[in-house]
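Treat the numbers as computed from the prediction; the structure is a model and nothing was measured.
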Amino acid sequence: MGDFKFTTGTVFEIIATVAVYLLVGAFFVRKKSVKLLIIYTGVVSLQISAVLLDSLFSMRVTYALVSAFTTFMLIVWVVVYQSDFRVLFFNLTHRRSAGDKSQTLTDDELRVAVDEIVRACQTMSKSRTGALIVLAPTSVAPHILETGTELGALVTAPLLESIFNTKAPFHDGAVIIKGNRVLAAGCFLPLSQSTALAKSIGTRHRAGVGITEETDMITVICSEETGIISVAKRGDLKRFITPDRLRDILYEIFNVTQSRKA
């Protein structure tokens, strides 16, 4: 152990490894996947150990094998969670601008949109029509819109009800709304893997929660089995939402005040 080769390159490699660990590790933390985070920590620790061993004892073969294994694991994770990583990097490059109020719409226009959404949800709740409505306060990642059919139509209750009609081609997907416009319908969303959700929660609800875990989007879900209205935000699912409560939540999301009563 007399001739150490702890070089500047070694320090740089360790720093780069830790930086990558923090970046990807933050992804697993946001995914609330403790098991994956533990496995990932073990893989990165193994890589750092291999760097140190190679620097101290010239263990090139061990270093090469561990590096190949680490690279393989990173590629596997990127492939498996590619859609989630795309959402993560989209969020890193698209931030909400101060004072943004959904395409500079007036409060009256936003209130009309809210009322239409609430009316549609109330009708679909009574008829037990399954629905998944995604509200985008800011930008929408293109890869999410590309999974469905772009519309660009004005938000109305009849439009939403017709989209989620069981005989309609888009009823199994999600509707993406920004401001008072339906941007797309029939979109597919990443499913939440959170263990905090009850096992009885179905695919529609898991998709509704999943998109909110990595973005600032909010989802409104109508249950096909029970008619219960739910709202998901930041990975948290609130159930048994009444129409009046839904209206208050949407007013808060769109940053508008309650309409004045005569």
Decide side-chain contact (heavy atoms from CB on, under 4.5 Å) for Met59 and Leu65; before the verdict, give the C-alpha distance in whole Å, the side-chain angles of both, and the deciding distance to 0.1 Å.
CA-CA 10 Å; Met59 299 177 66; Leu65 290 174; over 6 Å; no

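- Counting heavy atoms from C-beta outward, Ile48 and Leu52 have side chains that approach closer than 4.5 Å.
- In this structure, Glu161 and Arg119 approach most closely via the heavy-atom pair OE2-O, 4.3 Å.
- Of the possible polar contacts, none joining the Thr129 side chain to the Asn165 backbone as a donor-acceptor pair under 3.5 Å is found.
- Taking every heavy atom of both residues into account, Ala113 and Gly179 meet most closely at CB-O, 4.1 Å.
- Inter-residue side-chain proximity for Arg245 and Phe240 is flagged as unmet; no heavy-atom pair is nearer than 4.5 Å.
- Side-chain contact between Ile117 and Asp115: absent, with no pair of heavy atoms (C-beta onward) separated by less than 4.5 Å.
- The line from CD1 of Ile144 to CG of Leu183 is 11.0 Å long, rounded to the nearest 0.5 Å.
- There is a path of hydrophobic side-chain contacts, each under 4.5 Å, that joins Val134 to Leu145.
- Salt bridge annotation for Arg234-Glu213: absent, with no cationic side-chain nitrogen under 4.0 angstrom from a carboxylate oxygen.
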Kindly indicate, with the supporting measurements, whether the criterion side-chain contact (heavy atoms from CB on, under 4.5 Å) is fulfilled by Arg204 and Ile221.
CA-CA 8 Å; Arg204 180 177 284 111; Ile221 309 120; 3.8 Å; yes

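- For the pair Ile133/Phe164, a side-chain contact is recorded, criterion being any heavy-atom separation below 4.5 Å from C-beta on.
- Taken from CZ in Arg206 to CD1 in Ile211, the straight-line distance is 15.5 Å, to the nearest 0.5 Å.
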Going through the distances and angles, do Val231 and Thr219 end up as a side-chain contact (heavy atoms from CB on, under 4.5 Å)?
CA-CA 6 Å; Val231 172; Thr219 57; over 6 Å; no

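- The shortest non-hydrogen separation linking Arg128 to Thr226 is NE-O, 3.6 Å.
- Val175 has its side chain out of reach of Leu132: every pair of non-hydrogen atoms, C-beta onward, lies at least 4.5 Å apart.
- Residue Ile176 comes nearest to Cys187 through the heavy atom pair CG1-SG, 3.7 Å, listed as atom of the first residue, atom of the second, then distance.
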CA sep, side-chain torsions, deciding dist, call: Glu116, Leu160, side-chain contact (heavy atoms from CB on, under 4.5 Å)
CA-CA 9 Å; Glu116 293 295 317; Leu160 294 176; 5.8 Å; no

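- Taking each heavy atom of Ile253 and Pro137 in turn, the nearest pair found is CG2-CG, 4.5 Å.
- Closest non-hydrogen pair, Arg239 versus Ile201, comes out as NH1-CD1, 4.2 Å.
- Counting heavy atoms from C-beta outward, Leu237 and His205 have side chains that approach closer than 4.5 Å.
- Residues Leu105 and Leu151 share a hydrophobic cluster, clusters being chains of Ile/Leu/Val/Met/Phe/Trp/Tyr side chains in contact below 4.5 Å.
- Between the side chains of Ser194 and Ser192, no donor-acceptor pair of N or O atoms lies under 3.5 Å.
- The distance from the CZ atom of Phe69 to the OG1 atom of Thr71 is 10.5 Å, given to the nearest 0.5 Å.
- Looking only at side-chain heavy atoms (C-beta outward), Ser230 and Val220 stay at 4.5 Å or farther from each other.
- A continuous path of hydrophobic side-chain contacts links Val76 to Val43 [ILVMFWY only; heavy atoms under 4.5 Å].
- Hydrophobic cluster membership is shared by Tyr63 and Phe72, with clusters built from Ile, Leu, Val, Met, Phe, Trp and Tyr side chains linked at under 4.5 angstrom.
- Remark: Lys233 does not engage Asp236 in a salt bridge, criterion side-chain N to carboxylate O under 4.0 Å.
- In terms of the side-chain contact (heavy atoms from CB on, under 4.5 Å) criterion, residue partners of Ser45 (sequence neighbours excluded) are, by chain and number, Thr41.
- Cluster annotation: Leu159 is connected to Leu250 through the hydrophobic network of ILVMFWY side chains, with a link wherever side-chain heavy atoms come within less than 4.5 Å.
- Separation of atoms CD (Gln122) and CD1 (Ile229) is listed at 7.0 Å; rounding is to 0.5 Å.
- Counting heavy atoms from C-beta outward, Arg111 and Asp108 have side chains that approach closer than 4.5 Å.
- Under 3.5 Å, the side chains of Gln47 and Thr70 contain a donor-acceptor pair of N or O atoms.
- Atom-to-atom distance recorded for Ser162:OG and His171:NE2 is 13.0 Å, nearest 0.5 angstrom.
- Distance CD1/Ile177 to CE/Met217: 12.0 Å, rounded to 0.5 Å.
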